[in-house]
K.L.:
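Pasting in a structure now, in structure tokens, and then I'll have a few things to ask.
A note on names: the letters A, B, ... follow the listed sequences, proteins ahead of strands, and every chain is numbered from 1.
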Protein chains: 2
Amino acid sequence: MNNLTQTFKALSDQNRLRIIVTLMEYDELCACQFTELLGIAGATVSRHLGVLHNAGLVQSRKDGRWIFYSLSNTAASCRPVLDWIREEARSCPEVKEDMARLSKILACNPEEICRKQRTGA
Amino acid sequence: MNNLTQTFKALSDQNRLRIIVTLMEYDELCACQFTELLGIAGATVSRHLGVLHNAGLVQSRKDGRWIFYSLSNTAASCRPVLDWIREEARSCPEVKEDMARLSKILACNPEEICRKQRTGA
DNA sequence: GTAACATTTAGTTGCTTAGCTAATTATAGT
DNA sequence: ACTATAATTAGCTAAGCAACTAAATGTTAC
């Protein structure tokens with residue numbers, strides 16, 4: 001039962017849902033790209049990703065200084081829920097905006113993104 | 001998107017999940033029966049039911065002094081999630097205990113339950 | 001080695017929420 | 001009308017959590 005509540009808790013935050021929905025469209029993104037997308041502090045993004053990871057929804061892969069996140073393979077058990085989210089998210093304007101914004105973000109490489117975040121440009 | 005997070009927030013509490021799972025097995029229960037089942041204050045149960053109602057997951061029917069709750073008809077949109085919960089809940093010992101306890105509770109009529117709660121017997 | 005840098009962890013703050021008791025509302029029975 | 005009673009609402013407290021800044025960790029490049 002704790003599994004269930006933990007999963008729902010992980011999904012009951014708008015920013016975390018945005019992460020999940022984004023990962024349904026783009027296989028893999030690094031932390032700085034989420035930071036850019038969500039417009040909140042990197043540390044906060046890191047915590048959100050940690051919550052999703054603890055709930056078994058997301059997995060990470062380290063590549064040098066970057067850490068890439070993707071939907072967890074072991075999240076298969078809650079696939080129906082993820083499918084439902086995807087379906088419902090279709091009609092959310094926030095999600096559409098995210099997708100539009102993300103295509104711009106992905107036009108730059110991660111290094112540029114991070115530099116932009118540092119310099120605050 | 002708020003719909004989504006609201007739904008997940010409503011489902012991310014153990015006691016509320018127990019209510020939902022119970023309503024999948026028993027069409028309709030009154031507030032005092034949930035109070036007996038969950039073993040928490042009636043006021044708290046009322047608030048939980050309110051949260052589920054606001055999320056559109058539960059509907060209520062007034063019959064005299066009693067208010068009976070059931071899964072909402074309009075909850076059809078999140079049917080996949082409810083189905084998933086039901087499936088996952090099968091293996092939860094808490095749920096099995098609840099079901100066992102509930103059959104005892106239902107052996108009495110609501111009036112008896114409520115009296116028991118008042119007198120604390 | 002050390003300087004730059006991507007991410008996480010620590011520590012703080014303000015808001016939300018689950019729980020309680022007490023008060024209020026609405027109904028039933030006398 | 002009055003009392004009892006099922007449920008909700010109000011008001012409180014303690015715990016949990018999302019956000020931030022600053023410090024720590026681990027990695028790349030000189």
K.L.:
Of the candidate nucleotides dA7(D), dT9(D), dA22(D), which contains the atom at the shortest distance from the side chain of Ala43(B)?
P.N.:
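Per side-chain heavy atoms of Ala43(B), the pick is dT9(D).
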K.L.:
For residues 81-103 of chain B, which residue pairs qualify under ring-ring contact (aromatic ring centres under 6.0 Å, His included), counting only residues two or more places apart or in two chains?
P.N.:
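Counting only pairs at least two positions apart or across chains, the ring-ring contact (aromatic ring centres under 6.0 Å, His included) contacts touching residues 81-103 of chain B are Phe8(A)-Trp84(B).
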K.L.:
I'd like to know if the side chain of His53(B) and the backbone of Val58(B) have a donor-acceptor N/O pair within less than 3.5 Å.
P.N.:
yes
K.L.:
Output the distance between atom OG (Ser70(A)) and atom CG (Leu23(A)), rounded to the nearest 0.5 Å.
P.N.:
7.0 Å
K.L.:
Is there a donor-acceptor pair under 3.5 Å between the side chain of Gln33(B) and the backbone N or O of Cys30(B)?
P.N.:
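Yes.
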K.L.:
Counting heavy atoms from C-beta on, name the nucleotide in dA18(C), dA7(D), dA6(C) closest to the side chain of Cys32(B).
P.N.:
dA7(D)
K.L.:
Please report, rounded to the nearest Å, how far the C1' atom of dC17(D) is from the NZ atom of Lys9(A).
P.N.:
10 Å
K.L.:
Nearest whole Å is fine: how far is dT7(C) P from Arg61(A) CZ?
P.N.:
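Nearest whole value for this atom pair: 12 Å.
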K.L.:
Nearest of dT8(C), dG19(C), dT27(C) to any side-chain atom of Ala31(A)?
P.N.:
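The listed nucleotide nearest to Ala31(A)'s side chain is dT8(C).
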K.L.:
Is the shortest side-chain N to carboxylate O distance from Glu94(A) to Arg18(A) below 4.0 Å?
P.N.:
no
K.L.:
So, is Arg47(B) near the phosphate of dA18(C), with a side-chain N or O under 4.0 Å from OP1 or OP2?
P.N.:
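Arg47(B) to dA18(C) OP1/OP2: side-chain N or O found under 4.0 Å.
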K.L.:
With each end axis built from five pairs of C1' atoms, what bend angle do you get for the helix from dG1(C)-dC30(D) to dT30(C)-dA1(D)? Round to 10°.
P.N.:
30°
K.L.:
For DNA chain D, whose closest nucleotide is more 5', that of Asn15(A) or that of Asp63(A)?
P.N.:
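It is Asn15(A) whose nearest nucleotide is closer to the 5' end.
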K.L.:
Return the value, rounded to whole Å, for the distance between atom CZ of Arg65(B) and atom C1' of dT25(C).
P.N.:
14 Å
K.L.:
Report the distance from atom CZ of Phe34(A) to atom C1' of dT8(C), rounded to the nearest whole Å.
P.N.:
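These atoms are roughly 16 Å apart.
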K.L.:
Side-chain N or O of His48(A) versus OP1/OP2 of dA19(D): is the shortest distance under 4.0 Å?
P.N.:
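True: His48(A) side-chain N/O within range (under 4.0 Å) of dA19(D) OP1/OP2.
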K.L.:
Under 4.0 Å: is that the gap between some side-chain N or O of Lys62(B) and OP1 or OP2 of dA26(C)?
P.N.:
no
K.L.:
Any idea which of dT27(C), dT21(D), dC20(C) is nearest the Ala41(A) side chain?
P.N.:
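Of the options given, the side chain of Ala41(A) lies nearest dT21(D).
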K.L.:
Atom CG of Asn2(A) to atom P of dG16(D): distance rounded to whole Å?
P.N.:
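In whole Å, dG16(D) P and Asn2(A) CG are 13 Å from each other.
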K.L.:
Separation of Trp66(B) atom CH2 from dA4(D) atom P, in whole Å?
P.N.:
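Going from Trp66(B) (CH2) to dA4(D) (P), I get 16 Å.
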K.L.:
Ignoring backbone atoms, establish whether Tyr69(A) has a side-chain N or O less than 4.0 Å from OP1 or OP2 of dT8(C).
P.N.:
yes
K.L.:
Please state how far atom CG in Asp13(B) lies from atom C1' in dT17(C), giving the value in whole angstrom units.
P.N.:
9 Å
K.L.:
Roughly how far apart are Thr35(B) OG1 and Ile105(B) CD1, rounded to 0.5 Å?
P.N.:
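Output value for this atom pair is 9.5 Å.
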K.L.:
From dA19(D), dT8(D), dG19(C), pick the nucleotide closest to the side chain of Thr44(A)?
P.N.:
dA19(D)
K.L.:
Quick check on dA18(C): is either OP1 or OP2 less than 4.0 Å from any side-chain nitrogen or oxygen of Arg16(B)?
P.N.:
yes
K.L.:
Starting from Val45(B), can I reach Ile67(B) by hopping between I/L/V/M/F/W/Y residues whose side chains sit under 4.5 Å apart?
P.N.:
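Ile67(B) and Val45(B): one cluster.
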K.L.:
Determine yes or no for a side-chain-to-main-chain donor-acceptor pair under 3.5 angstrom, with Arg16(B) supplying the side chain and Leu11(B) the backbone.
P.N.:
no
K.L.:
Please state how far atom CD1 in Ile67(A) lies from atom C1' in dT8(C), giving the value in whole angstrom units.
P.N.:
8 Å
